[in-house]
Amino acid sequence: MKYIIVGGVAGGATAAARIRRIDEQSKIIMLEKGKYISYANCGLPYYIGGTITSREKLFLQTPTSFGTRFNVDVRTENEVIQIFPAEKKILIRKADGAQYNESYDKLLLSPGATPVIPPIKGVKMEGIFLLRNVLDTDTLKDYLTTHTVKQAMVVGGGFIGLEMAENLHHTGAHVSLVEMENQVMPPIDFSMAAHVHEHLTQKGIALFLSETVTQFHRIEDKIEVWLKSGKKIMTDLVLISVGVRPEVAFLKDSGIQLGETGGIWVNDFLETSIKDIYAVGDAIEFPHPVTNKPWLNYLANPANRQGRLAADNMVKGNSEKYEGAIGTAIAKVFDLTVATTGLPGKKLKQLDIPYQSSVTHSQSHANYYPQSLPLTLKLTFAPQDGKLLGAQCVGYEGIDKRIDQIALLIKKGGTVYDLMKVEHAYAPPYSSAKDPIAIGGYVAGNILNGSMPVISWREMQQVNREESYLLDVRTADEYKLEAIAGSVNIPLDELRNRLAEIPTDRQIYVYCGIGLRGYMALKILVQRGFTKVKNLSGGYKTYSLAIAPVANQQKMMDPHEEKHHDGEQKKNLNLKIVKVDACGLQCPGPILKLKKSMEEIQEGDCIEISSTDPGFARDAQAWCNSTGNNLLSNTFDKGVFTILIEKGALKGCNLTTSCDSKGKTFIMFSDDLDKALATFVLANGAAATGQKTTIFFTFWGLNVIKKTEKPSVEKDIFGKMFSWMLPSHSLKLKLSKMNMLGIGSKMMRYIMKKKNIESLESLRKQAIEQRVELIACQMSMEVMGVKREELLEEVTVGGVATYMERADNANVNLFI
Ligand code: FAD
């Protein structure tokens, strides 16, 4: 028997070795178009970044060692260029261009995938790279050693793009990442990707989401990258990582059938549409076990498994069926680990598959044992029987074991109830007696059986705040720090005594920090006769992270100078620094501990507090802004924030005193360009001084916060009329005076640009980045037929009560 294997890496090398193990007599030829076989593609980014120091370690076998060990005729730099199934022959081209034929009895195709090169002007210029194989790696590594690369850009925020962003950062470059979608890591849901966004920006990566590269230009020894938004970024190096597609060009005219996704169609035995030709790896499509729809799965584990199965079927006849892969993947993004298995909510929605989801925040191991780190788990499951459909997990430790357990359950057809039954090895350094996946199972079970109706962070943004009652059951301190606009604070422990304050005729949305106290509040309310109650899934932690604007270009400063100089100086001055360990505490634990510790020290002394809560850096900054203390430094290492704060002069001003009344509110009633500019200049100024700033957009003011590209929305006749008559977005706003049929506003924008004054759109963006709260008036939206989808994502919808609550806490309220 004569076997020919096309492709000598993951699937191909596995199959060749397996065939030899079960068939010692056969002839095996392995054809590889590159120079190398059996190497670790997955290790390539880490070699570039210097974590893997020796190039040799990337090679599991050389052609000679593989050939000797397995008695395989390994032919590198031999590319298969055509297949003639009728004659059982293939045409091969050697590196010198010479061609020859080879016959086979059985053929295995494992040609992998080829990177997509987007059709962008200048994409082929020097300094722009792809990463797929050893040759690409050597070329990129060589460039890094022979050029000064201070700035690097990664285009594409998938798994490989993110690994490369981290590894280029390790080479000492300032890295920016451009991604077309509004999130990185397409196989996970937005709220989970938000953890990655936060972490990347904390590490100094400049994130440009919902952006596309339109052109590359060479300017002296640099590359100028033009983005769709009009931004231009100078860089020394670009890595393109926008995806791959099956390598099937050489199959043209072979008669081998391709599937609807463009991958090679195979049957359950991994045999193609042509007898005796098998295919495995990145190049094939196979039905997804959950959806039963064909899909492409570019991962190493399935390629290896398929290689072994196909080998068995080629030698013994078709006997082993392939069960399919559900896309279990994991990536390290600096200190964070992100893993996924099965289907995320957005994919299920796209496929119109009914699902429910749960979000739980736990710790990697027992809270009381040092260095326990936060872990967030999202489950998707079928509403009728709780069958697990997918899971995503983000955190710093123990992510792999959780996702692997769930992957196994999904492949076995398990339900959320099975998660509760998983028996895990427990000791405090490794997990908790109630493991995060059991907690995920309990919460999902409660959602499923109706004992805890939930609302998602996305739905929460859409709720009509006038017709519903938003109940925040966190402590007063947590609420004062940050809360959902329009919510009322009744701490859980006071709830039973304050039930009379809660309306009985409205839908109640309860929320807390992570969802647990919200659940307890919901149980109290329901048993006390409130019928319409829902809990915010994942609590304020998920909500606030998901709606937080992603800071990007501000981070173009030196990412390797994360330590704040003031902090270093303070340490050197030998001032009194009290160390506080708040690791393992969930929000608001660290802030409360900080507040308490601060009360115990003198003005001018410092607290150095460490926390593993990912939102703590943001919270600590907000807390310092509102209390008059000085945040001196903020470092982040292996999931632990260490923040140095000097006790400020405003001693009496803390979470529970009058600092809140220093806020500023603006009512933006007009949609005149000049008035909008003035409003945002003032709001940005106020926010820059750390004051809580709110702009309430009402009536014509709504036009200032409309998206430029809006989705199509259903409107009644009056809504449609308003749409025709009103400016469709901010670029269409007119001046209040001297508009002269639009010439005035164009002139104004031109002069501002010439004089380097920020445009309205960039002032608005700055405001969002500074966390100025933008509230759209619910009533005005109703009257003018404006839909939520037409407004910027960062806008929340609120009513008069929301505004009044903000105005109460402000000492300047302007009507513009
Ligand atoms: P490959 O391993 O790509 O092998 C295909 C081989 O076929 C290539 O060497 C190619 O030169 C050769 N070939 C193609 N056409 C011909 C032809 N006509 N004639 C002869 N030879 C041909 N997966 C994970 O699960 N985890 C990870 O962390 C991970 N990291 C990755 C990092 C990088 C940088 C890359 C590039 C991939 C990564 N992957 C990862 C994906 C994983 O490597 C692939 O899914 C896996 O290698 C696919 O195996 P394969 O045999 O189908 O293709």
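Heads up: numbering here begins at 1 and tracks the sequence. Both ligands and their constituent atoms are indexed starting at 1 by order of listing.
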So is [X] polar-close to ligand 1, meaning N/O to N/O under 3.5 Å?
X: A300; answer: yes
X: E32; answer: yes
X: G11; answer: yes
X: K33; answer: yes
X: C42; answer: no
X: V80; answer: yes
X: E79; answer: no

Candidate with minimal heavy-atom separation from atom 5 (C) of ligand 1, of A249, G7, S110 |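 It is S110 that holds the nearest heavy atom.
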So between P111, G8, P302, G112, whose heavy atom ends up nearest atom 14 (C) of ligand 1?
->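 Going through P111, G8, P302, G112 one by one, P111 has the nearest heavy atom to atom 14 (C) of ligand 1.
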Report, in ascending order of atom number, the atoms of ligand 1 lying under 4.0 Å from any heavy atom of F250.
->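 What qualifies from ligand 1 is 18 (N).
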Atoms of ligand 1, numbered as shown, that sit under 4.0 Å from any heavy atom of N78 = 20 (C)
Six-ring centre of Y47, K141 cation under 6.0 angstrom, axis tolerance 45° = yes
